[in-house]
Amino acid sequence: MKPVILAEKPSQAKAYADAFSVRKQDGFMEIHPCPTFPEGAYITWGVGHLVELKEPHTYNPSWKRWSLATLPILPDRYEFQVAQGKFKQFQVVKKLIKGTDTVINACDVDREGSNIFYSIYYQTGAKGQTIQRLWINSLEVDEVLKGFANLRDNRKDLLLYEEAKSRQISDWLVGMNGSRLYTLLLKAKGFDEVFPIGRVQSPTVYLIYQRQMEIENFVSEPFYEIEATFTSEHGSYKGKAKAKEPKREIIRALLADHDILPNSPGIVTSVAAKEKRTAPPQLHSLSTLQANANKLWKTSPANVLKLMQGLYEKKLVTYPRTDSRHITPNEFAYLAAQVSDYQKVINHPFPVASLTPKKRYVDSAKVQEHYAIIPTKKIPSDAVLNRLTPLERNLYEEVVRTTLAMFHTDYLYTETKITTEVNKLKFFTTGKTERDKGWKALFVRAQSDKDKDKDKEEATLPPLHENESVESAIGIKEGKTQPPKPYTEGQLIAMMKTCGKLVDDKNETDILKEIEGLGTEATRSGIIETIKRHGYISVTKNIVAITDKGRVLCQAIEGNLLSSPSMTAKWETYLRKIGNGEGTQDRFLGSIGRFLQKLLQEVPDQLKKQKIDIKLPPSAKRKYGPPQEVAPCPACKQGTIVVRNEFYGCSNYNNGCKMTIPGIFLKKKVTVPQVKLLCTQGKTNTIKGFTAQNGSKFDAMLALENGKVKVELIPEQQIPSEQ
């Protein structure tokens, strides 16, 4: 039998197909016999999440209605269904998988890819096939061929699936129960909004809220320092005394103690010059690239991930969803062999400092599932580069420049520290003189005036020697303490990764550090997009702010575990154990169940006492919960016609029923009562105000004929014609 290769999405399947001779079919491709597949093979694909968890009411009809009395939602088992609109492709996948004895998991090479594959595989009902795993970091033809020639067994992959499925179910449980609990309780307090709750979303929103509160509650206080401008034989420089006081009088007293006047002369007591160097930066992980791109080009982390995925599928960069900043000797070897080619890509030749791998960049022990983001062996032509969007090119070049920095020299500079005394009061000055730009030459970009002034200030120290006398202009400088700054989207990614620094408990800090904070490299940008979509935060000119709706949520969850990154960190620690074969899904979901029971017991009383001082503007009535049911489906007789966004459709859609009724017909809105009559009696009452093609109005009934909606004219009436 021909093996079946299951890719995660069509673009990934196409990248695999590029390595073979194939014949395209509807929903799959057939690989012709070749050395890798002597009998040939089939490539098919999912469409992202082809299979999803079922809705609560499929387990228990009482869970359809949002009610505190029906909580908690804790099914005895968890079932999956084909996602809406994806039934046709699922049938293709199912037929191919059930007709073979070998299936190759070629979904994304991470936990979520494992989850997607096994969710689809088990949904097909297939059993007993040999399952193998394709695990590659590049979609280049030679890497694809090498990967298929060296397929892995599925033991580790199954563990990753168990971990990912446990995470998926836990997120579903927290979302289903928490969202209903808080939405209903806050509705009782006058907030007619849906308040989605998430295992990772909610603590992330709360950390943003905390920063906002720090800013708003900050009380700026004055402080006073002593600053001097010294003039020597060869030029002037500034110095500052180590004195920072809240009152001007204290500074004046200090000056008086040293008999210092505004023009008291000084003497240089120390000139210490030290040669320093800065090594090239480490290679990029996804989060460092997202943070850097956001800082440089103000683009969102989600957009960076999307564009990097595109560059990966164009075979220009390696797998982007990585948390590693290291590569193995294999990758270093091909990079070293092509240094001059990469230099041409960015039009920046330089002498290579060393072709010896350094532990700072090349360390197999620090590479687990994926290595750092680097350019592939493929050197793009000018035509390929010119087809990239400006931001795609910026990102590609950022990866190339950071990779090339490994082969460049260190950045060299001299740091000079000057001590100047005025009547035994010491003033300190630090200056920096660049000796060799080294790797920094790869990253020369247009500087702002502020950055230019800073560089000029650091670099301009006149030649000075010990015991040199200098003239002085000494004064008291007033400053004000500044509040913390709001997060940018790029800083939000970094904050989620390092939020252990914001937690007081040492043990919890260690846990957060170990699991690298909230979310994963692959999910953090999606979490930010989700909380934006829920209306909890806004982003204006790259600055993240909490909204009034976000404030309501945070005041509601304040003080319980949903606001704490520590909770999700402890869960994440156990999820990792499942992925390593040291934990079980049953035990983990049992702890989630106990957590939800505790929420149900404690939150109602907490919210009764909690004062929420936000008023949300009145808005149109929002509907939440499951879709509104209208009538039994007249086509399949099994599903129910429900209200969708712009039409009415059958709830049995995933199982093949295509019955739909338009929400607007001939420019006339079709109401729920009219659809009910249509489904139960075959026709509506007379509806007034349909609009013909020529714009004329007419009245008619709607009728069902072979599952299609037709106009049925009232006797003696015609639809107005063009004449």
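Because the structure is predicted, anything quoted here is derived from the model rather than measured.
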*Could you please spell out the steps behind the side chain to side chain contact (heavy atoms under 4.5 Å, CB included) verdict for T481 and F223?*
CA-CA 7 Å; T481 55; F223 63 85; 4.2 Å; yes
Does the side chain of [X] reach to within under 4.5 Å of the side chain of [Y], using non-hydrogen atoms?
X    : Y    : value
W439 : T278 : yes
Y16  : L139 : yes
D323 : L286 : no
M496 : S287 : no
I31  : I5   : yes
V345 : D341 : no
E398 : L296 : yes
S472 : F427 : no

Considering non-hydrogen atoms only, spot the tightest contact between [X] and [Y] and give its length.
X    : Y    : answer
P320 : M308 : CB-CB, 3.8 Å
Q132 : L151 : OE1-CD1, 3.5 Å
V317 : Y396 : CG1-CD1, 3.8 Å
Y312 : N137 : CE1-O, 3.7 Å
L6   : G46  : CD1-N, 4.0 Å
F20  : V144 : CE1-CG1, 4.5 Å

Note: [X]-[Y] ion pair, threshold 4.0 Å (strictly below):
X    : Y    : result
E529 : K532 : yes
E572 : R167 : yes
D142 : K146 : no
R321 : E112 : no

If you measure only the distance, is there a donor-acceptor pair under 3.5 Å linking the side chains of [X] and [Y]?
X    : Y    : result
Q338 : Y342 : yes
N105 : D157 : yes
Q309 : E313 : yes

Sidechain-backbone polar pair: [X] side chain, [Y] backbone, donor-acceptor under 3.5 Å:
X    : Y    : answer
D108 : D110 : no
T429 : K238 : yes
S138 : E140 : yes
E143 : I136 : no
Q482 : K480 : yes
T318 : I374 : yes
Q12  : E8   : yes
R325 : L283 : yes
S381 : V384 : yes
H370 : V109 : yes

[X], [atom1] atom: more than 12 neighbouring heavy atoms under 6.0 Å:
X    : atom1 : value
E582 : CD    : yes
N347 : CG    : no
K298 : NZ    : yes
E214 : CD    : yes
E227 : CD    : yes
D382 : CG    : no
K156 : NZ    : yes

How long is the span from the [atom1] atom in [X] to the [atom2] atom in [Y], to the nearest 0.5 Å?
X    : Y    : atom1 : atom2 : value
E415 : K432 : CD    : NZ    : 9.0 Å
T523 : I528 : OG1   : CD1   : 10.0 Å
R524 : L305 : CZ    : CG    : 12.0 Å
I418 : F230 : CD1   : CZ    : 11.0 Å
T204 : Q201 : OG1   : CD    : 8.0 Å
S525 : N303 : OG    : CG    : 10.0 Å

_side-chain hydrogen bond (donor to acceptor under 3.5 Å, both in side chains) between T328 and E331, worked out_ = CA-CA 6 Å; T328 74; E331 291 79 55; 2.5 Å; yes
Side-chain polar contacts of residues 405-414 - donor-acceptor pairs under 3.5 angstrom, sequence neighbours left out - could you list them?
from : atom 1 : to   : atom 2 : distance (Å)
D410 : OD2    : R277 : NH1    : 3.1
Y411 : OH     : E434 : OE2    : 3.0
T414 : OG1    : R435 : NE     : 3.2

*salt bridge (Lys or Arg N to Asp or Glu O under 4.0 Å) partners for R393, two or more places apart*: E397
_Could you go through I531 and I208, starting from their C-alpha distance and side-chain angles, then the distance that decides it, and tell me whether this counts as side chain to side chain contact (heavy atoms under 4.5 Å, CB included)?_
CA-CA 11 Å; I531 59 180; I208 299 165; 4.0 Å; yes
*After noting the C-alpha distance and the side-chain angles of R155 and L159, does the key distance pass the side chain to side chain contact (heavy atoms under 4.5 Å, CB included) rule?*
CA-CA 7 Å; R155 282 175 295 180; L159 291 172; over 6 Å; no
*Looking at K242, K477, K240, K244, which hits salt bridge (charged side-chain N to carboxylate O under 4.0 Å, His left out) with E225?*
K240
*So among N542, L395, V304, N292, which one has a side chain to side chain contact (heavy atoms under 4.5 Å, CB included) with W297?*
L395
*asked:* Run the side chain to side chain contact (heavy atoms under 4.5 Å, CB included) test on F428 and K417 for me, step by step, so that the C-alpha distance in whole Å, both residues' side-chain angles and the decisive distance to 0.1 Å come before the verdict.
replied: CA-CA 7 Å; F428 300 93; K417 291 190 174 181; over 6 Å; no
